[in-house]
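For reference, the structure is listed below as structure tokens.
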Amino acid sequence: MCAEELYALYRTRQSDRKFSATPIPQEVLRRIVENALLAPSATNQQPWSLVVVSDPERSHRVGQAVVRRMTKMNQFATEAPVHILVVAERGNWLASIGKSVVKLDYRPIDLGILVAHLVLAAQAEGVGSCVLGWFNEEAVRKEVGIPKSKKIALDIVLGYSEQATREKKRKDPKSILHWDKW
């Protein structure tokens with residue numbers, strides 16, 4: 001891959017909220033997940049587990065647990081063919097020592113790097129995605145059997161997008177980018 005192909009992924013990846021009912025083939029899901037798992041992490045702790053929900057009925061039920069009842073926010077999640085649940089794991093002993101020394105828990109950063117890898121891998125496969133953080137964790141946990149001792153950090157919905165690529169609206173780089181000094 002040349003640099004321009006990578007940058008094209010950055011430009012075209014977006015949060016999709018309308019998906020076709022076409023299932024994502026298991027081999028495509030496997031490539032997306034296995035390549036996302038190559039993400040780096042502090043002290044190589046890899047503080048994550050993933051639950052890939054692709055069974056249509058279970059995926060719909062997980063989607064129902066993601067919808068906010070009062071506002072109907074995330075209603076589209078019930079139609080997403082796949083949910084990838086990102087479960088935060090405890091850090092290793094080296095990360096714990098580092099946390100006490102620098103007063104920074106690297107796990108949320110590591111999860112962010114993993115998710116970036118995952119959504120870009122999906123985009124490379126022609127699969128749309130949306131990262132969701134507001135959901136009924138207990139209902140999701142119950143549906144897929146995640147132990148109560150585990151924290152579900154995010155739900156990444158995947159599917160073949162039925163939305164046109166939108167123009168990115170970003171801050172002017174001059175207002176947030178500093179070279180050599182503030």
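Below, each value reflects all heavy atoms present in this structure, side chains not excepted, and no hydrogens, waters or symmetry copies.
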*Could you tell me how the ring of W182 sits relative to the ring of H178: parallel (under 30°), tilted (30 to 60°) or perpendicular (over 60°)?*
parallel
Donor-acceptor pairs under 3.5 angstrom involving side-chain atoms of residues 51-64: please list them, not counting sequence neighbours.
residue	atom	partner	partner atom	Å
S54	OG	Q26	NE2	3.0
D55	OD2	E57	N	3.3
D55	OD2	R58	N	2.9
R58	NE	E143	O	3.4
R58	NE	E143	OE2	3.1
S59	OG	A80	O	2.9
S59	OG	P81	O	3.2
H60	ND1	T78	O	3.0
H60	NE2	Q64	NE2	3.3
R61	NE	E143	OE1	3.1
R61	NE	E143	OE2	2.9
R61	NH2	E143	OE2	2.9

*Write down the atom of R141, the atom of I146, and the distance for their closest heavy-atom approach.*
CG-O, 2.6 Å
_Closest heavy-atom pair and its distance - V157, F76_ = CG2-CE1, 3.9 Å
*Look at the side chain of R17 and the backbone N and O of S129, then say whether any donor-acceptor pair between them is shorter than 3.5 Å.*
no
*asked:* Using modelled atom types and a 3.5 Å cut-off, is there a donor and acceptor pairing between side-chain atoms of Q14 and backbone atoms of A164?
replied: yes
_Let me confirm one number: the CG-CG distance from L158 to D16, rounded to the nearest 0.5 Å._
10.0 Å
_Suppose the criterion is salt bridge (Lys or Arg N to Asp or Glu O under 4.0 Å): which pairs have a residue in residues 27-48, not counting sequence neighbours?_
R30-E34, R31-E125
_Pair listing, salt bridge (Lys or Arg N to Asp or Glu O under 4.0 Å) test, anchored in residues 157-180, at least two apart_ = K18-E162
Residues 109-122, side-chain donor-acceptor partners within the protein, below 3.5 Å, at least two apart:
residue	atom	partner	partner atom	Å
D110	OD1	A42	N	3.1
D110	OD2	A42	N	3.3
D110	OD2	Q45	NE2	3.1
H117	ND1	I113	O	3.0

*Step by step, would you call R107 with S41 a side chain to side chain donor-acceptor pair (under 3.5 Å)?*
CA-CA 8 Å; R107 289 175 306 159; S41 61; over 6 Å; no
_side chain to side chain donor-acceptor pair (under 3.5 Å) involving K151 - partner list, sequence neighbours excluded_ = E137
_With no hydrogens and no angle check, just 3.5 Å: does a side-chain donor-acceptor pair link T165 and R11?_
no
*Beyond-backbone contact of V66 with N136, side-chain heavy atoms, under 4.5 angstrom*: no
*Pairs in or reaching into residues 118-171: which pass ring pair (Phe, Tyr, Trp, His ring centres under 6.0 Å), with residues at least two apart or in two chains?*
none
